[in-house]
Q: 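Pasting a structure below so you can have a look.
Quick caveat: nothing in here was measured; it's all calculated off a predicted structure. Throughout, protein chains are lettered first and strands after them, A, B, ... in sequence-line order, and every chain is numbered starting at 1.
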Amino acid sequence: MSLVRSHVLICGGTGCTSSGSISIHEKFEECIKKFGLDKEVKVVKTGCFGLCEAGPIVVVYPEGAFYSHVKVEDIERITEEHLYKGRIVKDLLFKQALEGDVIKSVNEVQFYKKQKRVVLKNCGVINPEVIEEYIAFDGYKALGKVVTEMTQQEVVDEIKKSGLRGRGGGGFPTGLKWQFTLDAIGKEKYVACNADEGDPGAFMDRSVLEGDPHSVIEAMAIAGYAIGASKGFIYIRAEYPIAVERLEIALAQAKELGVIGDNIFSTDFSFDLEIRLGAGAFVCGEETALIESIEGRRGMPRPRPPFPANKGIFQMPTLLNNVETYANITQIILNGAEWFRSIGTEKSPGTKVFALGGKINNTGLVEIPMGMTLREVIYDIGGGIPNGKAFKAVQTGGPSGGCLTYKHLDEQITYDNLVRLGSMMGSGGMIVLDEDNCMVDVARFFLDFTVDESCGKCTPCREGTKRMLELLNKICDGKGEIEDIARLENLAVNIKDSSLCGLGQTAPNPVLSTIKNFRHEYISHIEDKKCEAGVCKALLKVTITDKCIGCTACTKVCPVDCISGSRKEMHVIDQNLCIKCGACIEKCPVNAIILK
Amino acid sequence: MKKIEISINGNKIEVPSNYTILEAARENGYRIPTLCHDDRLKPSGACRMCVVEVEGARSLVTSCSTPVRAGMVVKTNSDRVVNSRKTTLELLWADHNYDCLTCNKAGNCDLQDLCYEHDIDPLDGPYIKYSSNHVDKTNEFYIFDEDKCILCGKCVRACSELEGVGAITFSGRGHHTHISHPFEKEMLLSDCVSCGTCVSVCPTGALMEKTNAKFRNWDIDKKVKTTCTYCGVGCQLELVVHDNKVVRIDAPADSINKGITCVKGKFGYKFIDRDDRLKMPLIRKKGKLVESSWDEAYDLIASKMTSTLENYGPDSFAALSSARCTNEENYILQKLFRGVIKTNNVDHCARL
Amino acid sequence: MTNSIGEIENTDALFVIGTNTTENHPVIGTFMKKAVRNGAKLVVADPREIELANYADVYLQINPGSNVALLNAMMNVIISEDLYAKEYIESRTVNFEDMKKTILEFSVEEGARICGVDAEDIRKAARIYAEADKAGIYYAMGITQQSDGTNHVKSIANLGMLCGNVGIESGGINPLRGQNNVQGACDLGALPNVYPGYQKVTNADMKAKFEKAWNVEGLSDKVGLTIPKIMDGGISGDVKFLYIMGENPMVSDPDLNHIEKAFDNFDFIVVQDIFLSETAEKADVVLPAACFAEKEGTFTNTERRIQRVRKAVNAPGEAKADWVIINDIMKKMGYENNFNSANDIMEEIAMVTPQYGGITYDRIEKVGLQWPCPTKDHPGTKYLHKGEFAIGKGKFTAVEYKEPAEVVDPEYNLVLTTGRVLYHYHTGTMTRKVEGLNNMVSKSYIEISPLTAKGLKLEDDELVAISSRRGKIEVNIKITKRIKDHVVFMPFHFAEAAANRLTNAALDPITDIPEYKVCAVKIEKL
Amino acid sequence: MKSLDELAKIREKALKKVSTRNSDKKVRIVVGMATCGISAGARPVLNALVEEVNKRELVDVEVTQTGCIGICRLEPIFEVYQNGEKVTYVNMTAEKAREVVANHIVNGNVVSKYTIGAYEK
């Protein structure tokens, strides 16, 4: 008979694993044994809790006590005080889980309270390596329902009714995609899952696969049934070793249990699933490039039409959705399209997971109902900008998206709104920028990424983005000409208009949106040779302020002898010679030398 | 095939419903420039030269890969299209070296022609020139010059789709993308069979035959279509002639070999003008073969034939005809021996 | 070929036997690979693991000379498993029962033993070929250059008809002809037994027909000598005068020591060629000929397509087109042809050759025509035997496996087989004079398996002596896993180390084709 | 997987193992587990409660612990929270705890004789 009265959930996501959750897990096992609690307390490794900034995270149930930044040294205390004696260790709790003396359970913390967890419902709740836990939370019920009670068209209709749109970027209606693939004729059909999450800073798909891999496996089987496919591929980047491992374990368990395999639920429906590892090229997130890669070729996009729904993997009709899209499917089947539509807005129903990053207090993964304003996400959930700095912009959609300003803070987050404002949903990156960020530099950062990640197939993307980057470098180096802005705009427009795939068609967005919203920064870089944010090194000067005490320490360290001045007098830097190495700044005993 | 109506540049035309926009346009006299297109290859949509405006489409579409749709409204020459093509060309040109003056491809180069047509200013670009200085000369028959490559991918596709060899591939990403061979091996060490199909399809001077022949493409006297002299496939070749010399062999696409050649057909022509070709009849005199006139040779043969015929009869003759010679020559040789000498001792090496 | 090159891409199965297509007919090789990419199944049988073997569903590394054993074993599978085309056999063929009996007496296991392959692989191959809707057989000299080559070909025909694959599109029995105009030379009477169009010299009607057409009397109705017999005639003294137009038997023919003896014995030799070949060096008169780029005419390719050859450049010096030379000689001998152009000759060909009856230069200006093309309005023939065989009913012939004429013994313990490499053509007269081609493969070599090499304690590239009962040469070895143990392969392009000094002149009794593909040799360390 | 029933059975079994993690429960039993409680014998009480709740598959019942409830002399103590009301049981033993689960939690009858009210009387 089980005596387990308490569960210690340790985050086993990539973020917390890299900050040491494995040794925390081991230490807990050790301490619990020491206190003789091993029959009463169960330690569970779960998926991501979302608040990666606070990791490693440990949550103790039934209280829902939320410990953050847990160190191995803390574990003995938590075991003795909390698990043995029943006293929550307040000073180790996540700071927002403690208001005055009142301890808030994990679900009451502000960060989680405003979220709506559909996709991430099991993340941080179940042990992803135990299929029974998934089943305990209604796992594989949707698949059972679909194959035993619904026709293919009914399944597709339900998805259509739900209004679910692709969570991978463009927001194409998922149900329609399913319908196209159901209607397409082919000797065979395939279901594929795009788990090649490539946006810098985005990791929602990884978290789902690490925390709830069965939700994707189940959804793919449902999709297979709906469109008439008996084979599926999950294309996942090899850089996600934990996700790959969990997925492999989950798939093996699903096959063992017979929810994947032949004659599922004693029906005619059989479905097999295969994991394909990608080498982590950003472009392989583009559907046709992904298909090429699954087929064993270099991941380069092919022209559309034909669309994958008609000619996908091995030229057969193929349904391709991303991880987050699939993670919604079981919920829609179980709770109904109406329930799904009740979340979010009319045209963008449901929730969206964002990877919140940049200059924000609570970095991490958040799942919000669509229609929430940017302000709510950034301030209520994200906890605002750290160190009292001023908000400058928020970048959504990763390298394909754009920068929005304070003017847009009260705009609702929906697919169409973001596009209207010159950005996009993308896969869900959300990076907050403050006054210390230079917008030209931000544009350059994203472009640098796309230049590297362009597959090199089509001319505008391969050559054009490179040339745009050159122009941005020129501006950041203080060598910009005012015509360069027009050159950038012309290149941007043509690259968008004539590139082969979505990568190229959206690559200029960060540049266009920063030119649109922060043109003055470009102009001040070009005309005044100034970078207000103090980021572009070439535009900064090392100057000695009147705090100088004339100690001559700086003159001795300057490698190019560009500082002059007599003892006890204020020193001067010859700007023509200065190489901005910063040695003098470090040496100055009174912080009189600054870079501005 | 069912016909459908579409409109190109305001004119309504009827085309088969399985056509691409490019096919529809070309068949009806609308020129759309291309660099990476080849009728024999699957459309790749890489170069973006063939973009056109289609009403209702968010961005420009490549005419080479987009099928026509009933009622489609296409513009092939709007400002938007022309501006896009020009930008594409500027970008390609910016990454191409400047040696048109001495390049053997000059006058036969698609990039050169299109830059000329679109008024690309060769020197006034705002961009930095890069050079890989990488030239692969390891193949016996041709060189690959990376700085002239526009990455249209025709060689890659031809090698795999037409030749089934797959010796050429793309390597690297982004601006570092380049044409290479699997595992970045040199051409000679790859699976390359030197068929030269890549050379035939290259639109620029990136893949060019190694040749000592000095000629400019505009000085070519003629191109003569003929049948290959090697194996029994009967590939159709075009002998490119300059100054009474075969200087190159092209392969016309509208033939049984579909423009494909093998190494012998494409490059095995240099025996034609070798110095050690036989130029005069030779007669053995005192054990040595010495030059003679035709008359002397003919007279000797005729007299020897007559005397042998008289002394030993027709069946003391034998003739070896040739699987290398033409039908006409085989016919006339057997006619000589059957009809004039009256022997059936005529054979050739059909069995070898 | 019964069928066309263009049909290869659309076939459902290819059975490739005795042809290293990608090296010897590279462009056809590419179409075969395309067929495989299009989904066709591929069966390859060859003693060497040729490139196509990499793409094969079943690859059978058979012993040289064992084709008939393989074909009979496959037919045994097809008949035993009831996979044959009953209706087709019933309506279009004769003599099936006879052949069936022979086949069923020959077990698959026996076939597997003779071929040195797995019986299960033979079954797989047979099923692939028999179960395909349209399946083509492609073969070359690996089938014909055997001492019973005629039987090998008949056996292939048996297999084709057994599965109803002859007379259909993308099927057929397709010998790949090795030389640019070997088909045309045969078509136009360069054979000792037939006039142009395979009209028998022994047939009185034909004799009369040609006497009339040529305006001569007294044509011979006696079948002439084949090359091997001509050489024998040289040695015996029966043949005095040898006229050679564009051939190089001094490298290409088997048992060269024997050939050399014959050449030394001929009374008078005339050679027309473009280079001073090994054969020309033996001649009394050498006449300089124009090459393909210097003359007008036609070639007939392996799919029976007559295509134009056109003059692009002038011949060097005083060299003349071969037909001009012969025409001149005929004139000297008192016969006036009235041929002023190659076109004039073609007009006469069309008149006397039924298959070429519809051929004119005008009609083949753009694309060639495939014979039979009997009349000026006939569109040519894409594939043969449609609906009915040319001879009426297709005849099955019971063929039994026969050992090669020469088998290994304790002294000559290796089997030598010969062939071509990609970069050279035939005796190398042209290709070895093209720098790039010669650089790719500049000297002869002998392919040997690692195991065989190890047994002889040989290192890669080591110079060895290789000898047969007829001759001995020295050549470097090339160790490769692609060749079967105890089998060695040599290209025959290289006069200085001519493989044909070793080969056996054992002839097929009907065609006099020598057994180039099998002879017994030994290798000695130097 | 053969049928929905089979799945349901797996689910039922698994649910018991994870119900601890559901914090929206209707009934909370809080056991005082400070040093005083433990030394007075709170641990067997706690274990008995957990065992009993599990045995009876009471998925809506949460058994949890707390520190000192403040009436050390009456330890072991536990409190039952339900519908906003609190009942405090004192001087508990494992047997008494099982009785409370059976009568109070399952049948809804407060076991008055063990409550702090009864004791104080």
Side-chain angles (χ1 to χ4, degrees), chain B residues 140-141 163-164 224 226-227 229-235 239 241 244 256-257 260 262 268 270-272 274 277-284 297-298 302 304 308 312 316-334 336 339-340 342 344-345 347-348 350-352, chain C residues 25-27 30 33 177 179-180 182 184-185 188-190 192 201 214 216 220 224-227 230 239-247 252 268 284 286-288 292-293 297-299 301-302 307 309-310 312-313 316-317 322-323 326 330 332-333 335 342 345 349 425 430 433-434 436 439 513:
Chain B
E140 283 290 339
F141 309 96
E163 265 296 306
V224 178
T226 193
T227 304
T229 183
Y230 290 107
C231 77
V233 178
C235 293
L239 310 186
V241 179
N244 193 41
I256 52 154
N257 46 309
I260 303 170
C262 78
K270 287 168 191 164
F271 71 88
I272 297 173
R274 274 183 63 116
R277 279 283 302 274
L278 291 169
K279 298 185 188 79
M280 294 293 287
L282 306 173
I283 294 177
R284 191 169 298 278
Y298 282 154
K304 196 74 194 171
T308 306
Y312 303 102
S316 66
F317 284 82
L320 267 55
S321 194
S322 177
R324 327 301 325 288
C325 292
T326 63
N327 288 325
E328 292 76 1
E329 288 158 348
N330 275 285
Y331 177 82
I332 196 170
L333 183 82
Q334 62 91 33
L336 163 61
V340 180
K342 309 232 167 51
N344 283 318
N345 291 346
D347 200 4
H348 75 290
R351 305 166 188 87
L352 314 183
Chain C
H25 302 87
V27 172
T30 68
K33 286 193 267 180
R177 310 303 306 254
Q179 303 183 67
N180 55 337
V182 65
L188 293 165
V201 295
W214 292 344
V216 293
S220 168
L225 302 175
T226 58
I227 292 179
I230 291 170
V239 177
K240 304 283 183 196
F241 190 118
L242 181 64
Y243 199 106
I244 301 177
M245 177 175 79
E247 294 222 335
S252 63
F268 196 76
D284 296 288
V286 179
L287 302 174
F292 83 112
T298 56
F299 290 154
N301 77 352
T302 189
Q307 303 187 113
V309 175
R310 293 184 181 85
V313 293
D322 289 293
W323 70 265
I326 307 290
M330 288 173 86
K332 284 268 175 200
M333 294 298 291
Y335 185 90
I345 305 179
I349 291 173
Y425 177 70
M430 299 181 295
K433 292 192 158 64
V434 176
N439 289 349
I513 296 185

Q: What closest approach, in Å, do P192(C) and V201(C) show between heavy atoms, and which atom pair accounts for it?
A: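 Minimum heavy-atom contact is O-CG2, 4.0 Å.
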
Q: Using the side-chain contact (heavy atoms from CB on, under 4.5 Å) definition, which of the options T298(C), D322(C), L188(C), V309(C) pairs with E328(B)?
A: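 Testing each of T298(C), D322(C), L188(C), V309(C) against E328(B), the sole residue satisfying side-chain contact (heavy atoms from CB on, under 4.5 Å) is T298(C).
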
Q: Just say parallel, tilted or perpendicular for the rings of F268(C) and F241(C), cut-offs at 30° and 60°.
A: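 Answer is tilted, since the angle falls between 30° and 60°.
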
Q: Which bit of Y331(B) comes within less than 4.5 Å of chain C, counting heavy atoms only: side chain, backbone, both or neither?
A: both

Q: Among L320(B), I260(B), N345(B), which residue forms the greatest number of heavy-atom pairs with chain C at distances under 4.5 Å?
A: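 Option with the greatest count: L320(B).
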
Q: With a 4.5 angstrom heavy-atom cut-off, which part of K433(C) approaches chain B: side chain, backbone, both or neither?
A: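 Both parts, backbone and side chain.
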
Q: If we define contacts as heavy-atom pairs under 4.5 Å, which of A312(C), G297(C), A342(C) has the most with chain B?
A: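 Between A312(C), G297(C), A342(C), the count favours A312(C).
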
Q: Side chain, backbone, both or neither: which part of L239(B) has a heavy atom under 4.5 Å from chain C?
A: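 Only the side chain of L239(B) comes within 4.5 Å of chain C.
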
Q: Using a cut-off of under 4.5 Å on heavy-atom pairs, state which of Q307(C), M333(C), M430(C) scores highest against chain B.
A: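 The candidate making the most pairs under 4.5 Å is M430(C).
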
Q: Which value, rounded to the nearest 0.5 Å, describes the distance between S316(B) atom OG and L242(C) atom CG?
A: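 Reported value, rounded in 0.5 Å steps: 11.5 Å.
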
Q: Report the C-alpha separation of R324(B) and E247(C) in whole Å, then their side-chain angles, then the decisive distance to 0.1 Å, and conclude whether the side-chain contact (heavy atoms from CB on, under 4.5 Å) test is met.
A: CA-CA 8 Å; R324(B) 327 301 325 288; E247(C) 294 222 335; 5.5 Å; no

Q: What residue in G436(C), G184(C), G317(C) has the most heavy-atom pairs under 4.5 Å with chain B?
A: G436(C)

Q: S220(C), G189(C), P26(C), A190(C): which one forms the most heavy-atom pairs within less than 4.5 Å of chain B?
A: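 Looking at each option in turn, the highest pair count goes to A190(C).
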
Q: If you compare all heavy atoms of P288(C) against all heavy atoms of L278(B), which two are closest, and at what distance to 0.1 Å?
A: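 Minimum heavy-atom separation between P288(C) and L278(B): CB-O, 3.4 Å.
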
Q: Under 4.5 Å heavy-atom distance to chain C, tell me which part of V241(B) shows up: side chain, backbone, both or neither.
A: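 When you check distances to chain C, only side chain atoms of V241(B) fall under 4.5 Å.
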
Q: Less than 4.5 Å to any heavy atom of chain B: does that hold for the side chain of V239(C), its backbone, both, or neither?
A: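 The answer is both parts of V239(C).
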
Q: What part of F299(C) is in contact with chain B, defined as an atom under 4.5 angstrom from a non-hydrogen atom: side chain, backbone, both or neither?
A: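 The answer is both parts of F299(C).
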
Q: Is the cationic atom of K240(C) (NZ for Lys, CZ for Arg) positioned less than 6.0 Å from the six-membered ring centroid of Y312(B) and within 45 degrees of its normal?
A: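 Yes, K240(C) sits over the ring of Y312(B).
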
Q: Which of the residues K270(B), K279(B), R284(B), R277(B) is involved in the greatest number of heavy-atom pairs with chain C at under 4.5 angstrom?
A: R277(B)

Q: Name the region of T229(B), side chain, backbone, both or neither, that has any atom closer than 4.5 Å to a heavy atom of chain C.
A: both

Q: Taking all non-hydrogen atoms of both residues into account, name the closest pair between I230(C) and A318(B) and its distance.
A: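 Nearest pair, atom of I230(C) first, then A318(B): CG2-CB, 3.6 Å.
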
Q: Can you measure from CG (L287(C)) to CD1 (I283(B)) and round to the nearest 0.5 angstrom?
A: 8.5 Å

